Amino acid sequence: MTEIQACLTVVTVLVVPYIVQAIKTQAMSGNAARWIAIAVSVLAGVLTAMAGGIPADPASWVTSIFACVGGVQVAYAAFKAVGVTSKWLDSLLALGDVKKEG
């Protein structure tokens, strides 16, 4: 894994939990959100693998993809444990909702 791929993986691991939380709705179960996070992580892993050019060997693909998937799952669990996704992001998402007094 190159330096740019490692940096992209770290950024992905920190950003994807917020993206999943942002698109999560009350109608979506935690299990559905988890699978969305995994799908987005796989896509990010594929893009990260191609950052230095298309990998020639399968091991490079697997390394990048599983680094993103595993990292996102760990970050999401850590963020959720300290209330980052549920409190901070929900508060940020609520900034656009202006409640009318009436």
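On a predicted model such as this, the values are computed, not experimentally measured, just so you know.
A chain of hydrophobic side-chain contacts below 4.5 Å, direct or via other Ile, Leu, Val, Met, Phe, Trp or Tyr residues, connects L43 to V69. With hydrophobic clusters built from ILVMFWY side chains whose heavy atoms lie under 4.5 angstrom apart, I4 does not share a cluster with M50.
The shortest non-hydrogen separation linking D57 to S60 is OD1-OG, 2.7 Å. Nearest heavy-atom pair, V13 versus C68, reported as atom, atom and distance to 0.1 Å: CG2-O, 4.2 Å. Closest heavy-atom contact between W61 and A49: CE3-CB, 3.8 Å. For the pair V46 and I65, the tightest heavy-atom approach, listed with the atom from each and the gap, is CG2-CD1, 3.7 Å.
One distance of note links OG1 of T9 with CZ of F66; it measures 13.5 Å at 0.5 Å rounding. The OG1 atom of T12 sits 6.0 Å away from the CG atom of L8 when rounded to the nearest 0.5 Å.
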